Structures are given as structure tokens and as C-alpha cells.
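Structure, as C-alpha cells:
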2 protein chains.
Amino acid sequence: MFQAETRIEELISKLREQGYRVTPQRAAVVRVLASSQEHPSVEQIYDSVRVDFPMTSLATVYKTLAVLKDMGEVFELTIAGQSSRYDGCRPHSHPHLICVECGRITDLDIAPVGETCEKVAKRTGYRILHHRHDFFGVCPDCAGDSEHREEAHVGARAQQRLVP
Amino acid sequence: MFQAETRIEELISKLREQGYRVTPQRAAVVRVLASSQEHPSVEQIYDSVRVDFPMTSLATVYKTLAVLKDMGEVFELTIAGQSSRYDGCRPHSHPHLICVECGRITDLDIAPVGETCEKVAKRTGYRILHHRHDFFGVCPDCAGDSEHREEAHVGARAQQRLVP
DNA sequence: GTATTTGCAAAAAATTTGCTATGGT
DNA sequence: ACCATAGCAAATTTTTTGCAAATAC
């Protein structure tokens, strides 16, 4: 929130530096990414962007995200059973906490495992680019809900299949 | 490879215990999952299964994987830009090494972060179910390839006086 | 002015689902 | 025999792409 403006400027600059054109649509996507803690989906980014730029297309959002991903400024969080979420606030790998019920994604500030990256590189001979460390669980809200209404509560956002 | 048989039996038993019927198709999927280190995709599982059971359908593979995932015996590794891969050899969360060039996925045997899970649970109030710790990088083979490609591509002239 | 980028709509992937016949228990 | 499951094809969902028109630089 605080650093959102800074991050927006940073991303805009980097786009320019790399020879990309800064269109209003791209700027809008950047703004949404930099100012949200929500790790939004493409659809959510699209909706937010269209508040200010109703002419923006979904394809453009995808294309912009592809550019930012290639630049290494945005990380795509693929998740089983739902569409990808995007993290553009912090350029560096950091752990996430993901509620498997409601889909909420939170940044974690636990000690980074930076040294482990180097350890892995040394041991395996890989050149490590980044890593993902995500914890999946049930958030307090959803835990409370499911205690009370186990069967009725099928997460509002999370589509889970029911199996006998 | 050694423990494959054991793991196959284990999975079959667990299916039975939970009231699922053990069909030849399901057994075949289990066999592929338990005996491969490759973290196969659905398509690869499908192809392997069809060697022995050519009548098996892709939908059945998906359905079987859904069952095994729900049982917590198979983990779906979602990856940006490609279809999911499945890890059914070890039931417990463990880190992976993923080559972003060739897609190869290798199990890592570095120290588990079990205590971190509990730490996260304590700190956040989430009930942690599992976690993902994956390192993305370029494997030695692919690194070699791209070095050669680059050299060939740059050509003799450009090489003479370039920055270290 | 020119090359990139947009938006659209259509295509391509990837995954799921509904329904009936089949087959495990 | 009963009911879960397989197979198939159609439906969904998610993401990508080709191309003419618009536009950032």
C-alpha cells in the first residue's frame, strides 16, 4: 500500500528501459498488481483495470502479464483447481500461505531460505532462478465455518469437488 | 523402483479401505504413479496406462487422479505454462527441482522444513495441510545446450572484445 | 512515421461433466 | 444384484493467437 507508488514507478521505468511501450492498459495492470495484496487472478485484474479503462481486453491483460513475468517482475502462482494468481508486489521469492477453502493468499515473512538456494545449486549443478515455498492449509475463518456447517460450506470462491 | 511394489500395494489397499473400487484402470494408474520417478503429466500417465489397457480413457485417468489427490496420496504439481505433473511416490511434502528449460522434475532430499510448518501454523492460526517447496532453474544439460547455442549465435566478430 | 500494441473473435489447451453400459464387490 | 465406475463426447474453463486498426514513441 505504502510502497505501491514506488513499485508502480519502478515497473513503469523497467518497462521503458527494456524497450516496451507504456500504454494506458499496461500502466493500469501494473497499478493493480503493485497496489494489491490480494495476489489477484487474471479475471480480478481485468475487472479492476476495466473500472478505469473499460475498453481493455482480457487478452491484453494476459499479454501484459506475460511481459512482466518474462522480466521477472511478476510471479505466477499456479494452483491446482483454480486459475493462476499473480504476485507483483515483491520481486523476490517469498513464501505464501494459501487457504485451500477460500483461496485467500497471504505473504509470509518467515526467514527466507536463501542459503538453501545456493546449497541446492551447489549440490545439483542447476543454476537456480527462483523458488516457490507455499504452505497450504485452512484459514481460521474457514476452519470456523466448516466446524459449524461442514457440508453446506463449499467455499464461496473455491470450487471443490465432492467425493463420496 | 525398489519400493514401487510396496507403494503400489499400499495405494491399492488404501483405495479399498476407503471404499473405492479397484478397477484395472485405477490399478494401472497407481502402478504408473508408484513406479515412476518422472513426475508424469496426465498425458504421460495416460500413454503408459494404455500400453497395457488400450481401452482406458483420459477422463478416467483424471478421475483416478482426483480420487488419489483427495486421499492425499498424490500431489499435483501445477506449473506455469504446462500441464500439471503428479507426484505419487512419496506421500509427504518434499522439495522439487524443476528445470525451466526441459521441464524435468527431480525430488530433492534436503532437510525437511517440518518445524517451519508448525511455526507457520502457530503464527498464523492456519491448519497447515501440506506445503510446496520448489526450486526453478536450468539443469546442467540445458545450461550446456544454451551455452553452445549462444556461442554459435553470437559469431566470431562479436566475441573479440566483450565484457567479462 | 513506424513499429508495437490493442481488441476482437476464434483457436487451442486443459480439465470436467452427464449419461448409459459395464463390471467390481 | 447393486451401485460405483468407465467411456465417450460434449461442455467448461483457462489461456493463446492471428490480424486489422489504433497509438506510443
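Bear in mind that the values here come from a model prediction, so they are computed numbers and not experimental data. Convention: sequence-line order gives letters A, B, ...; per-chain numbering from 1.
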Where [X] and [Y] come nearest, the two heavy atoms and their spacing:
X	Y	result
B/S48	B/V32	CB-CG2, 3.6 Å
B/G103	B/R85	O-NH1, 3.0 Å
B/I128	B/C117	CG1-O, 3.9 Å

For [N] and [X] - does any side-chain N or O of the residue sit under 4.0 Å from the phosphate oxygens OP1/OP2?
X	N	value
B/R21	C/dG23	no
B/R16	C/dG24	no
A/Q25	C/dG7	yes
B/T23	C/dG24	no

>> Using a strict heavy-atom distance below 4.0 Å, which residues from residues 54-65 of chain B are in contact with DNA chain D?
In response: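 Here the set is B/M55, B/T56, B/S57, B/A59, B/T60, B/K63.
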> Near DNA chain D, which residues from residues 76-86 of chain B have a heavy atom under 4.0 Å away?
Replying inline: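 Per residue number, the list is empty: none.
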Output the rounded distance in Å from [atom1] ([X]) to [atom2] ([N]).
X	N	atom1	atom2	result
B/Q18	D/dA4	CD	C1'	15 Å
A/F53	D/dA24	CZ	P	10 Å
B/Y20	D/dT5	OH	C1'	12 Å

>> Once salt bridge (charged side-chain N to carboxylate O under 4.0 Å, His left out) is applied, do any residues pair with B/R132, and if so which ones, sequence neighbours excluded?
In response: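 Here the qualifying residues are B/D134.
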Any donor and acceptor pair, going by atom type alone, linking the side chain of [X] with main-chain N or O of [Y] inside 3.5 Å?
X	Y	value
A/E9	A/T6	no
A/Q18	A/L15	no
B/T60	B/T56	no
B/R26	B/R21	yes

> Does one side chain, of A/R50 or A/Y46, offer a donor that lies under 3.5 Å from an acceptor on the other?
Replying inline: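 Their side chains do contain a donor-acceptor pair, which is all the 3.5 Å distance test asks for.
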>> Once you measure the plane-to-plane angle for A/H96 and A/H39, does it fall in the parallel (<30°), tilted (30-60°) or perpendicular (>60°) bin?
In response: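 If you compare the ring of A/H96 with that of A/H39, the planes turn out perpendicular.
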> So A/H131 and B/F135, would you call those rings parallel, tilted or perpendicular, with 30° and 60° as cut-offs?
Replying inline: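 Parallel.
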> Which parts of residues 41-52 of chain B get close to DNA chain C, meaning a heavy atom less than 4.0 angstrom away?
Replying inline: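 Of all residues in residues 41-52 of chain B, none places a heavy atom under 4.0 Å from DNA chain C.
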>> Under a 4.0 Å threshold between the charged nitrogen and the carboxylate oxygen, would A/K122 count as salt-bridged to A/E118?
In response: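 Result for this pair is no, no salt bridge flagged.
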> What residues, two or more places apart in sequence or in another chain, satisfy side chain to side chain donor-acceptor pair (under 3.5 Å) together with A/S84?
Replying inline: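 Listed in chain order: A/E76.
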>> Please report the end-to-end axis angle for the helix from C/dG1-D/dC25 to C/dT25-D/dA1, five pairs per end, rounded to 10 degrees.
In response: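 Comparing the axis at each end, I get an angle of 50°.
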> Taking the side chain of A/R26 as its heavy atoms from C-beta onward, which of D/dC25, C/dT6, D/dT5 lies nearest to it?
Replying inline: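 Closest nucleotide among those given: C/dT6.
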